[in-house]
Amino acid sequence: MQQEYNPADIEANVQQYWQQADTFRAVEDNSKEKYYCLAMFPYPSGQLHMGHVRNYTIGDVISRYQRMQGKNVLQPMGWDAFGLPAENAAIKNKVPPAAWTYDNIDYMRGQLQRLGLGYDWERELATCTPEYYRWEQWLFTRLFEKGLVYKKTAAVNWCPVDNTVLANEQVIDGCCWRCDTVVEKREIPQWFMKITDYAEQLLDDLDQLDGWPEQVKTMQANWIGRSEGLQIEFDLENSDANLAVYTTRPDTLMGVTYLAVAAEHPLSLKAAESNPELQAFVDQCRKMETSEEAMETAEKKGVATGVMATHPITGEQVPVWAANFVLMGYGTGAVMSVPAHDQRDYEFAQKYGLAIKQVIAPAGKESCDLSTAAFTEKGQLTNSGQFDGLSSQASFDAIAKELEQRNKGERQVNYRLRDWGVSRQRYWGTPIPIINCPDCGAVPVPEADLPVRLPEDVIVDGSGSPIKSMPEFYQVACPKCGADAERETDTFDTFFESSWYYARFTCPDNTESMLDERAKHWLPVDQYIGGIEHAVLHLLYARFFHKLMRDEGLVDGDEPFKNLLTQGMVLKDGVKMSKSKGNTVDPQALIEQYGADTARLFTMFAAPPEQSLEWSDKAVEGSNRFLNRLWRFTQAHVEKGSCVALDKGNLSDDLKDLRRQIYQALTKVSDDLGRRHTFNTAIAAVMELMNAVTKNSDDTEQGRAVRQEALEMTALMLAPITPHICDALWRALGHDEAVVNVRWPDIDESALKQDKVELIVQVNGKLRAKIKVNADADKDSIEAQALADEHAQKFIDGKEIRKVIVVPGRLINIVVAG
RNA sequence: GCCGGGGUGGCGGAACUGGUAGACGCGCUGGAUUCAAAAUCCAGUUUCUUCGGAAGUGUCGGUUCGAUUCCGACCCUCGGUACCA
């Protein structure tokens, strides 16, 4: 054993051993319990950032711990390789996206290996290869046949100067990020997946996910947004057409004083032809961002269309307004407005002088003052004709029945969730496998012709996707009739690739089918780890895909991820590390200076995984200092030669104490690594043990034997977190096998037993004394001992004792008067 | 705007089921070692204090023998918001 801790040597040696012994190769083996641990794969942006280091270390610690539990662990790694940054880099550096991406992958793979992450690299995949994306093309054509995909027009952000579609993040304050032109909305035909057909399952199956954080399930449930309400039809004046609206508050129907439609609603567009003011408003709305956030925070504006609608029960005429807060692609593109009982409608009515009619009265003592705000609580109906006096709840049924009889409405379950638009007008993505024939319409590419390969030798200059101007790509014969036809030149949303990669990792080499029996062996993923920012979209799409694949017979079970851990972000100076803020810390430099084990130890120690992690150079040094201390202490111990066997029955009180601390630490670390995933407290427990061990200077034979035990346990307990140094320590302590193959130690219960325990004595809830009592003492004798304590006496002397509360193993609280 | 988190010493954090607030680490202070420094080791470190204690976990209020933990209202901050991944 070397005198000094030299991480560069140690880490290179151990990593070489793992590679040569094929340690992390995962082979299906029914004799062992399987454990599939997956951390969200990275976008190959160029270099690893601290968020990656944290994410992948968490996964590796869990994987190594489970391996030490004797499980057959699968931990794969791959690349979420399609996406916008490759196109941006291509424009900037004049490199094709493919070359840029593959270079990045090669560099980042090396960085991951240097961190000592135990991946089965045989299973590596990159989503930008035809071997991968051909299978999602295949699935899409299957879904086409099943009617689960369809085409409709939808709005995109359009920059009229660059002549290109912009992502939401490329729109800054309503303007193009590159040329600062005001962005316009443009309606173009796009492919959609019917995720709403699975809305109910996606909601109900959340109940199966006991291993998911409650907050993530809540966010998903709210996102899906199931509601029960009524669809109500309003007849239009001078027209056969009618206007349908959906409401969850039919009890307020009698208070409707106007209707609002989206500016681009056909009704509004038609009215605008003869109304210049409305036309100006429609044009103005066209220059709005498409994001929900922008819509909701924008000032609420509207213009009367001049069209009147007939109230389905009273027959009264109410005006129809065009409003910027009504979304065309959402529900029916129209809403009924009840200013007295909805705050947004109230503010709109105040602004434009529309009528406010109260139809709900408070049932309890809630305040209702319609001169200041809407009354949005439920209550008792008033001013509602035949429904007067009913409760909000009772009126739901009564009004539903009335409307059904009049054929003017029906009950409906509605979801906030919208169908998934998967078309992107970009180059660097999976080509959508559809051919548009002038006679046959949209025709899926036949299986034999898959994959539709994305040409990689292209020039990207920011003026639109290069494949849109490549006849050799898009000119094809219709697979059905042979006529001249055109390929889709749009590509898939990159969430498409990341929605099923977890399954493909089980059989990435299969060239015959999307998945095989190995998927059924390994799935579901036992532990999934990734950023909280993916709580809704990615995780919902992956759950959706799992159900689609299940219905194709490709996988078993309803859900892909049994347990989920959502990690927090890595911050510096309180803000997220990012290139634009210039506050990034390069993991490469960190590893070169201190080694992978220090990088791993610091990221696990600085905060629990679910919280954000504040970067600190000084704390990194502290982590390195601890490893140095551990190394030197072990070295000094080993240097004095081998130890005799431990004689448990023949130890001094101090040594018994020390052994108890060893097994208390082991108890805590086992729970923290296996159940709680609080690696910071596990490390703290090991540090505490080390402090106790270094304080003990018993150099007798038994003293050295206990020290040997403590150091062995420390090497094992830290092995999942800092695997390189622990391998070297374990060997130095006299073992021949690699620590990665050692089983997690058992707890020696006999070492944990204590004769006396310390209890605290409170008087009126304040700490006043500490007493030692026999571990098996009964409540009465504990109480008596507490009352007799001289410190406690000072605070109870001469006062009336009202109550004494004894919490076994913890405390005694003496409640006195005055 | 809406949905979901978070707020505890100078700093990162601990307190797991309502029971000793501040484990562990960083920083700082003092000491040892050194010609000197670095490194290392030892001791101390919430604030105030009349040295008895008192106050204290974003703010205000409540429940309880006892609240960082439960309930209500509010403030600040972070993530998501459907074309960033």
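No hydrogens, no waters, no symmetry mates; every other heavy atom, side chains included, goes into these values. Keep in mind it's a predicted model, so treat the numbers as computed, not measured. Chain letters run A, B, ... following the sequence lines, proteins first, then strands; residues in each count from 1.
If you check every strand for non-hydrogen atoms under 4.0 Å, A:E292 touches a base. A:W223 comes within 4.0 angstrom of a nucleotide base, judged by non-hydrogen atoms across all strands. As judged by a 4.0 angstrom heavy-atom cut-off over every strand, A:E347 is placed among residues making no nucleic acid contact. A:K770 comes within 4.0 angstrom of a nucleotide base, judged by non-hydrogen atoms across all strands. Among the atoms of the strands shown, none is found under 4.0 Å from any heavy atom of A:R344. Nucleic acid contact for A:L571: none, since no nucleic acid atom lies under 4.0 Å from a heavy atom of the residue. Residue contacts for A:A535: at a heavy-atom cut-off of 4.0 Å it reaches no nucleic acid atom on any strand shown. When heavy atoms are screened at a 4.0 angstrom cut-off, A:F626 is found touching no nucleic acid atom at all. Counting any heavy atom pair closer than 4.0 Å across all strands shown, A:V156 reaches a base atom. The residue A:R418 sits close to a base: some heavy atom pair falls under 4.0 Å. Within 4.0 Å (heavy atoms only), A:Q611 reaches sugar-phosphate atoms of the nucleic acid but no base atom. Base engagement by A:R416 is indicated by at least one non-hydrogen atom pair under 4.0 Å involving a base atom. Contact annotation for A:K668: base contact, defined as any heavy-atom pair under 4.0 Å involving a base atom. Contacts of A:V807 with the nucleic acid, taken as non-hydrogen atoms under 4.0 Å apart, include base atoms.
The side chain of A:E533 approaches B:rG80 more closely than any other nucleotide in the set B:rC84, B:rG80, B:rU20. Residue A:N222 places its side chain closer to B:rG4 than to any other of B:rG53, B:rG4, B:rA82. For A:L537, the listed nucleotide lying nearest its side chain is B:rA85; candidates were B:rA85, B:rG1, B:rG12. For A:M569, whose side chain is taken as the heavy atoms from C-beta onward, the closest listed nucleotide among B:rG4, B:rA85, B:rG79 is B:rG79. Distance from the side chain of A:K695 is smallest for B:rA43 among the nucleotides B:rA43, B:rA15, B:rA82. When the nucleotides B:rA15, B:rG5, B:rC84 are ranked by their closest atom to the side chain of A:L84, B:rC84 comes out on top.
A:Q350 pairs by the side-chain hydrogen bond (donor to acceptor under 3.5 Å, both in side chains) definition with A:Y346, not counting sequence neighbours. With sequence neighbours left out, A:R418 forms a salt bridge (charged side-chain N to carboxylate O under 4.0 Å, His left out) with no residue at all.
Applying the 90° cutoff around 0 to the glycosidic angle, B:rG9 is assigned syn. For B:rG4, the O4'-C1' to base torsion is more than 90° from 0; the nucleotide is therefore anti.
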Item to check | Steps toward side chain to side chain contact (heavy atoms under 4.5 Å, CB included) verdict (A:L613, A:L571) | outcome: CA-CA 6 Å; A:L613 181 155; A:L571 313 177; over 6 Å; no

Checklist entry - Hey, mind stepping through A:V773 and A:K756 against side chain to side chain contact (heavy atoms under 4.5 Å, CB included) and telling me if it holds? => result CA-CA 5 Å; A:V773 302; A:K756 294 213 163 207; over 6 Å; no

Checklist entry - Passes side chain to side chain contact (heavy atoms under 4.5 Å, CB included), A:I195 versus A:L202? Steps please. => result CA-CA 9 Å; A:I195 192 172; A:L202 287 165; 3.8 Å; yes

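The separation of B:rU40 from B:rC51, taken at their P atoms, amounts to 41 Å, rounded to a whole angstrom. Using P as the reference atom, B:rU77 and B:rU8 are 15 Å apart when rounded to the nearest Å. Taking the P atom of each, B:rA14 and B:rG58 are spaced 14 Å apart, rounded to whole Å. For the C1' atoms, the distance from B:rC74 to B:rG27 is 35 Å, rounded to whole Å. Nucleotides B:rU33 and B:rC42 place their P atoms 15 Å apart, quoted to the nearest Å.
One interatomic measurement links the two molecules: NZ of A:K779 to P of B:rG19, which rounds to 15 Å at whole-angstrom precision. A straight line from CG of A:L417 to C1' of B:rC2 spans 16 Å, rounded to a whole angstrom. Atom CG of A:L811 is separated from atom C1' of B:rA21 by 14 Å (rounded to the nearest Å). In this structure, CG of A:L673 is placed 15 Å from C1' of B:rC16, rounded to the nearest angstrom. In this structure, the NE2 atom of A:H791 is 13 Å from the C1' atom of B:rG52, given to the nearest Å. Per the geometry, CD belonging to A:E293 stands 11 Å off P belonging to B:rG79, to the nearest Å. Atom pair A:N157:CG and B:rA82:C1' shows a separation of 12 Å (rounding to whole Å applied). The CD atom of A:E610 sits 18 Å away from the P atom of B:rG79 (whole-angstrom rounding).
Ion pairing between a basic and an acidic side chain is recognised when a charged N comes within 4.0 Å of a carboxylate O; A:D419 and A:K194 show no such pairing. The pair A:E347-A:K301 does not meet the salt-bridge criterion, since no charged nitrogen lies less than 4.0 angstrom from a carboxylate oxygen. Ion pairing between a basic and an acidic side chain is recognised when a charged N comes within 4.0 Å of a carboxylate O; A:D490 and A:K468 show such pairing. One finds a salt bridge joining A:E299 and A:K351 here, because a Lys/Arg side-chain nitrogen approaches an Asp/Glu carboxylate oxygen to under 4.0 Å.
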Below 3.5 Å between N/O atoms, which protein atoms pair up with nucleotides 62-68 of chain B? Just atom names and distances, please.
| residue | atom | partner | partner atom | Å |
| --- | --- | --- | --- | --- |
| B:rC65 | O2 | A:N813 | ND2 | 2.5 |

Give each protein N/O atom lying under 3.5 Å from an N/O atom of nucleotides 24-30 of chain B, with the pair distance.
| residue | atom | partner | partner atom | Å |
| --- | --- | --- | --- | --- |
| B:rG25 | OP1 | A:N691 | ND2 | 3.3 |
| B:rC26 | OP1 | A:R625 | NH1 | 2.6 |

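Between A:F544 and A:Y198, the ring planes lie perpendicular to each other; the angle is over 60°, past the 30° to 60° tilted range. Using cut-offs of 30° and 60° for the angle between ring planes, the A:Y528 and A:Y501 rings count as tilted. Using a 30° and 60° split on the angle between ring planes, A:H538 and A:H534 fall in the perpendicular class, above 60°. Below 30°, between 30° and 60°, or above 60°: for A:F192 and A:Y150 the angle between ring planes is below 30°, a parallel geometry.
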Item to check | Bracket string, RNA chain B, 5' to 3' - pairs by Watson-Crick or G-U geometry under 3.5 Å, | interstrand | outcome: (((((((..(((......[....)))((((((.......))))))(((....)))..(((((..]....))))))))))))....

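Residues A:D672 and A:I188 both approach RNA chain B. Their nearest nucleotides, taken by heavy-atom distance, put A:D672 toward the 5′ side. Position along RNA chain B of the nearest nucleotide to A:R768 versus A:V216 favours A:V216 as the more 5'-ward residue.
The ring of A:F545 has its center closer than 6.0 angstrom to the ring center of A:F496.
Remark: A:S612 is not in phosphate contact with B:rC78, judged by side-chain N or O atoms under 4.0 Å from OP1 or OP2.
Within the structure, the salt bridge (Lys or Arg N to Asp or Glu O under 4.0 Å) test picks out the following pairs touching residues 666-690 of chain A (sequence neighbours left out): A:K668-A:D672, A:D671-A:R675, A:D672-A:R676.
The neighbour count for A:N163 CG, taken as heavy atoms of other residues, nucleotides or ligands under 6.0 Å away, is above 12.
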